[in-house]
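As structure tokens, the structure follows; a few thoughts come after it.
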Amino acid sequence: MKKNRIGILGSGSWATAMIKMLTDNTVDKEVFWWVRKPEDIEYIKKYKHNPSYLSAVNIKIPNKHIYTAVRTVVEKSDIVVLNTPAAYLKDALKDLTVQDFEGKIVVSAIKGIIPEENQIVGEYLHDTYAIPLDHIVVIGGPCHAEEVSAEKLSYLTFGCSAIDIAERVAVLFGGRYIRTILSDDIWGIEYGAVLKNIYALAGGICHGLGYGDNFQSVLISNAIREMEYFVQAIAPKDRDIKASAYLGDLLVTAYSQFSRNRTFGNMIGKGYSVKSAQLEMNMVAEGYYASDCIQRIIGKYNLDMPICNMVYQILYNNSPAAKEVNTLAQKLT
């Protein structure tokens with residue numbers, strides 16, 4: 001049987017965690033890695049650590065498998081994992097064509113929407129690069145990169161319309177501290193991952209304003225119902241919204257100390273401007289971009305999404321956070 005060849009595009013904390021998962025996994029494979037900054041590549045090759053993210057992780061892939069050229073990694077891989085912020089994906093892939101992806105399995109580890117097209121990643125890949133839906137896999141959580149680096153037991157859901165393809169990818173990541181779950185709900189997992197970032201932002205905003213755990217629990221219980229309402233309207237399917245890819249991912253993103261979206265929201269609630277919060281974090285909070293994208297979908301389908309609406313009003317219309325949360329509080333049940 002041919003050795004699996006898998007490439008990771010991206011060099012942030014989640015991409016670095018995936019390099020660790022893949023190299024700790026015992027299935028025979030070759031791993032290739034695209035790292036954007038040449039200076040980071042030089043550091044990784046010399047010291048076997050990523051200087052910018054999860055610097056404690058020991059990088060175990062050969063130096064010759066780390067590249068600055070996206071096309072090289074794609075050419076060498078049968079399975080291509082996309083792991084950049086959604087807003088930067090188009091730029092990362094700008095030199096690639098439909099032919100570059102022919103016959104390959106493409107995996108999205110991105111929890112966001114492509115802003116200009118207002119499409120989830122799987123939809124964008126299918127429309128732009130003619131990748132068949134049964135060759136697109138999406139990875140869902142709950143799974144923070146920081147806990148993967150510490151080898152704390154975590155679970156990942158692999159979604160694809162072809163379960164055998166999802167399983168082929170999943171077996172490359174599973175291991176002592178990673179359990180894998182298979183699903184055929186590619187759209188639900190992707191939209192759920194986008195929405196949970198917005199809800200984590202909402203939770204952070206409320207925390208920054210001084211709301212307590214009692215309120216947060218009501219907020220998140222309403223959020224999971226709002227998520228179910230949305231995904232059923234956009235992609236109707238018999239799904240269990242309590243599964244870990246939906247509710248589990250929402251909970252960890254809404255409550256964890258490692259959640260950048262919750263942290264971003266907390267800063268907004270404390271009075272930071274969007275720009276100042278972004279500069280201080282020095283990391284991308286996907287929920288910020290997702291809020292604008294989801295709002296356009298809400299308008300298109302005429303959906304009633306009060307939590308998403310609240311976040312949008314605060315982030316994009318500069319409405320006072322205290323006023324918007326107070327209005328939302330009257331609608332929660």
Side-chain angles (χ1 to χ4, degrees), residues 4-25 29-96 100-101 104 106-112 114-115 121 139 141 143-151 154 156 172-173 177-178 197 258-261 263-264 275 277-286 288-289:
N4 290 288
R5 302 184 305 161
I6 184 166
I8 301 288
L9 304 186
S11 55
S13 57
W14 189 218
T16 305
M18 287 197 153
I19 291 291
K20 175 175 172 58
M21 287 184 243
L22 288 167
T23 53
D24 285 350
N25 173 282
K29 71 180 81 63
E30 287 185 294
V31 181
F32 304 93
W33 193 10
W34 172 68
V35 175
R36 183 170 61 88
K37 297 179 180 178
E39 60 269 28
D40 283 355
I41 289 185
E42 291 308 309
Y43 188 98
I44 293 167
K45 287 182 175 180
K46 185 174 182 179
Y47 299 108
K48 309 306 288 183
H49 294 275
N50 185 340
S52 300
Y53 300 95
L54 296 188
S55 56
V57 170
N58 181 33
I59 306 300
K60 294 184 285 189
I61 65 174
N63 286 349
K64 64 180 182 179
H65 286 190
I66 307 174
Y67 300 92
T68 55
V70 169
R71 174 170 272 115
T72 303
V73 172
V74 172
E75 285 177 350
K76 289 180 175 293
S77 304
D78 303 309
I79 300 170
V80 179
V81 181
L82 308 178
N83 206 323
T84 70
Y88 305 152
L89 180 64
K90 282 182 65 178
D91 184 64
L93 303 183
K94 66 180 184 298
D95 295 328
L96 301 182
D100 290 310
F101 287 106
K104 299 184 186 295
V106 183
V107 182
S108 171
I110 300 169
K111 298 184 176 182
I114 311 300
V121 177
I139 300 179
C143 197
H144 278 311
E146 294 82 359
E147 293 199 352
V148 171
S149 72
E151 300 187 357
S154 304
L156 285 175
L172 302 178
F173 285 88
Y177 54 89
I178 298 293
N197 286 331
F258 299 123
S259 170
R260 64 188 68 175
N261 288 284
T263 300
F264 184 82
K275 192 67 175 177
Q278 288 173 326
L279 288 171
E280 184 158 323
M281 280 185 64
N282 195 32
M283 296 177 80
V284 174
E286 290 277 19
Y288 169 71
Y289 300 101

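This one's a predicted model, so the numbers in the text were calculated from it and none came from an experiment. For the single chain, residues carry numbers from 1 onward in sequence order.
Taken from CG in Asn25 to CD1 in Ile178, the straight-line distance is 10.0 Å, to the nearest 0.5 Å. Separation of atoms CE (Met18) and CE (Met21) is listed at 5.0 Å; rounding is to 0.5 Å. Separating the CD1 atom in Ile19 from the CG atom in Asn58 is a distance of 12.0 Å, to the nearest 0.5 Å. For the atom pair CD1 (Ile61) and NZ (Lys29), the distance works out to 11.5 Å, reported to the nearest 0.5 Å. To the nearest 0.5 Å, atoms CD1 (Ile41) and CH2 (Trp33) are separated by 9.0 Å. For the atom pair CG (Asn261) and CG (Asn197), the distance works out to 4.0 Å, reported to the nearest 0.5 Å.
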With side-chain contact (heavy atoms from CB on, under 4.5 Å) as the criterion, how do Ile59 and Tyr43 come out once you've worked through the C-alpha distance, each side chain's angles and the decisive distance to 0.1 Å? CA-CA 11 Å; Ile59 306 300; Tyr43 188 98; over 6 Å; no
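At least one side-chain heavy atom of Val148 sits under 4.5 Å from a side-chain heavy atom of Tyr177. Side-chain contact between Tyr88 and Arg36 is absent, with no heavy atoms from C-beta onward closer than 4.5 Å. Looking only at side-chain heavy atoms (C-beta outward), Val57 and Asn50 stay at 4.5 Å or farther from each other. Counting only heavy atoms from C-beta outward, the side chains of Leu82 and Val106 approach each other to under 4.5 Å.
Panel note: side chain Thr263, backbone Ser259; a donor-acceptor pair is recorded below 3.5 Å. Checked by atom type and distance alone, the side chain of Asp100 never pairs as donor or acceptor with a backbone atom of Val74 at under 3.5 Å.
Remark: the Ser13 side chain and the Arg260 side chain contain an N/O donor-acceptor pair separated by less than 3.5 Å.
Thr72 pairs by the side-chain contact (heavy atoms from CB on, under 4.5 Å) definition with Tyr67, Ala69, Lys76, not counting sequence neighbours. Here Glu30 pairs with Lys3, Arg5, Phe32, His65 under the side-chain contact (heavy atoms from CB on, under 4.5 Å) rule; sequence neighbours left out. For Ala92, the side-chain contact (heavy atoms from CB on, under 4.5 Å) partners at least two apart in sequence or on another chain are Trp34, Thr84. Residues satisfying the ring pair (Phe, Tyr, Trp, His ring centres under 6.0 Å) criterion with Phe258, sequence neighbours excluded, are absent altogether. Every residue was checked against the side chain to side chain donor-acceptor pair (under 3.5 Å) condition with Asn83, not counting sequence neighbours, and none meets it. Listed by chain and number, the residues in a side chain to side chain donor-acceptor pair (under 3.5 Å) with Ser11 amount to none (sequence neighbours excluded). The ring pair (Phe, Tyr, Trp, His ring centres under 6.0 Å) test applied to Tyr289 returns no partner, not counting sequence neighbours. Judged as a side-chain contact (heavy atoms from CB on, under 4.5 Å), and not counting sequence neighbours, the contacts of Lys37 are Glu39, Asp40.
For residues 42-69, every residue pair satisfying the salt bridge (Lys or Arg N to Asp or Glu O under 4.0 Å) rule, not counting sequence neighbours, is listed here: Asp24-Lys60. For residues 84-96, every residue pair satisfying the salt bridge (Lys or Arg N to Asp or Glu O under 4.0 Å) rule, not counting sequence neighbours, is listed here: Lys90-Glu117, Asp91-Lys94.
For the pairing with Val35, the side-chain contact (heavy atoms from CB on, under 4.5 Å) check across Ile8, Thr16, Leu9, Ile44 returns one residue only, Ile44. With Val107 as reference, Val81 is the one residue of Val80, Val81, Leu172 to meet the side-chain contact (heavy atoms from CB on, under 4.5 Å) rule.
Of all the heavy atoms in Ile114 and Ala86, the pair that sits closest is CD1-O, 3.6 Å. Heavy atoms only, all atoms of each residue included: Ala15 and Gly10 are closest at CB-O, 3.2 Å. Contact record, Gly7 with Val73: CA-CG1, 3.8 Å, taken as the closest heavy-atom pair.
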